[in-house]
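Notes for the one structure printed next.
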Amino acid sequence: MKDPLASEVLRELRKAQRVVVFTGAGVSAESGIATFRDALTGLWTHFRAEDLATPEGFQRDPELVWGWYEARRAQVLRARPNPAHHAIAQLATHLPRVTVVTQNVDDLHERAGSAGVLHLHGSLHAPRCARCGARYPLPEASPQEPSGEGRLAPPRCGLCGGLVRPGVVWFGEMLPERELVAAQRAALGSDFLLCVGTSGVVWPAAGIPGIARDAGATVVQVNADASDLDALCHFNLRGPAGEVLPALLSAAFPGVTGEAR
Ligand code: BJW
Ligand code: ZN
């Protein structure tokens, strides 16, 4: 592990022209959002995330899966961006081009002020019909809380009567082509890629840092723990993103507070 404020990291960051920030669940952890592999607490302790986050899981038990996602959407609506989201948004004010590519299904990057965020795994806030694909407008009111068993009946599509499903990408499903191609292009053209809070186990998203590295970019990881990306990264900064990123930002660009204005 190298010092977060290692002079080489700072030097590369300051002179970077095209930066990609590639984020995972760890960037939202300090906002109180459970990481994907820690999300099955409380009512859902007895299930595996991998079993719920599949089209087959939804077919098998739509009320269980819809209840889990609505509880997570309610948690996101209550949460606020943390210093890591703010530091990432601030980075864009100091460098010519910053592209945020996230695997997260929350909207905390946008709420911190990042623009044009590429969501590789969809969004909790954009449900659609599982049968005809029509977007389902969510009511203004807060999500209904699931029953005692964590179940909640999904609404029905107003056009075809099919079940409404979360607008996220499940295992075995294709990623949205526009976002994936744009993310891969940004990585290919980057000179600095920052990976934040991802285990790097889910593909094809996990291939993004390798694309940047093969194209000659400096690849820096911020993670609270070891990850599958450690060996690939030039620098591994170990610690909570909400502490490491503001420190990195203010060391690289003195005078920065890390809080979006
Ligand atoms: C902190 C911190 C703090 C904590 N500060 N850090 C090639 C090889 C092997 C398998 C495959 C392959 N290609 C495709 C596959 C299959 C599959 C896959 O990857 N499986 C693997 C598990 C082995 N991929 C797919 O199915 C994808 N589709 C696809 O490939 O389509 C083509 C195809 C179709 C059919 C047949 C064949 C090909 C789709 C993947 C969709 C993933 N969707 C999910 C669910 C979204 C909805 C939801 O949230 O419920 O996306 S899975 C889940 O994992 C979620 C996340 O976005 C994603 C990544 O997780 P992430 O963000 O890394 O979170 P965690 O929890 O894993 O890690 C958190 C990290 O943060 C940790 O490292 C902590 O240390 C750290 N941390 N606190 C800093 N404070
Ligand atoms: Zn429909």
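In listed order, ligands and their atoms are each counted from 1. Computed from a predicted model, the values in this text were never measured in an experiment.
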Non-hydrogen atoms of L120 versus ligand 1: any pair closer than 4.0 Å?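 Under 4.0 Å: no for L120.
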Go through ligand 1 atom by atom and flag the ones less than 4.0 Å from a non-hydrogen atom of [X].
| X | result |
| --- | --- |
| V105 | 49 (O) |
| P204 | 30 (O) |
| D225 | 75 (O) |
| E30 | 3 (C), 5 (N), 80 (N) |
| V168 | 47 (C) |

Determine, using the 4.5 Å side-chain heavy-atom cutoff (strictly less than), whether V117 and V169 are members of one ILVMFWY cluster.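 No; tracing contacts between hydrophobic side chains, which count when under 4.5 Å, never links both residues.
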Ignoring angles and geometry beyond distance, decide whether [X] reaches within less than 3.5 Å of ligand 1 through its nitrogen or oxygen atoms.
| X | answer |
| --- | --- |
| F171 | no |
| W170 | no |
| L175 | no |
| E173 | yes |
| N104 | no |
| A53 | no |
| N223 | yes |

May I have the angle between C157 SG and C160 SG with its vertex at the Zn ion (ligand 2), rounded to 10°?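 C157 SG and C160 SG form an angle of 110° at the Zn ion (ligand 2).
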Heavy-atom distance to [atom]: which of [options] wins?
| atom | options | answer |
| --- | --- | --- |
| atom 15 (C) of ligand 1 | W203, Y69, W68, F22 | W203 |
| atom 69 (C) of ligand 1 | G197, S123, G24, S31 | G197 |
| atom 44 (C) of ligand 1 | V169, V65, V202 | V169 |

Between the main-chain N or O of [Y] and the side-chain N or O of [X], is there a donor-acceptor pair closer than 3.5 Å?
| X | Y | result |
| --- | --- | --- |
| S28 | S31 | no |
| R97 | V20 | no |
| E30 | G242 | yes |

Please work out, at 4.0 Å between heavy atoms, whether the side chain, the backbone, both, or neither of A25 comes within that distance of ligand 1.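 Under 4.0 Å from ligand 1, A25 contributes backbone and side-chain atoms.
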Relative to ligand 1, is Q103 under 4.0 angstrom through side chain, backbone, both or neither, heavy atoms considered?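 For Q103, the contact with ligand 1 is made by both the backbone and the side chain.
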Could you tell me whether R151 and D61 have a side-chain N and a carboxylate O separated by less than 4.0 Å?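 D61 and R151: salt-bridged.
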Please check if the distance between the ring centroids of F58 and W66 is under 6.0 Å.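 Between F58 and W66, the centre distance exceeds or equals 6.0 Å.
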Could you tell me whether R135 atom CZ has more than 12 heavy atoms of other residues or ligands within 6.0 Å of it?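 At most 12 heavy atoms, drawn from other residues, nucleotides or ligands, come within 6.0 Å of this atom.
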Smallest separation among heavy atoms of [X] and [Y], with atom names:
| X | Y | value |
| --- | --- | --- |
| Q221 | S227 | OE1-OG, 2.6 Å |
| P176 | H119 | CG-O, 3.8 Å |
| E173 | P55 | OE2-CG, 3.7 Å |

Can you label the angle between the H94 ring and the F253 ring as parallel, tilted or perpendicular, going by 30° and 60°?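 Judged by the thresholds at 30° and 60°, the geometry between H94 and F253 is parallel.
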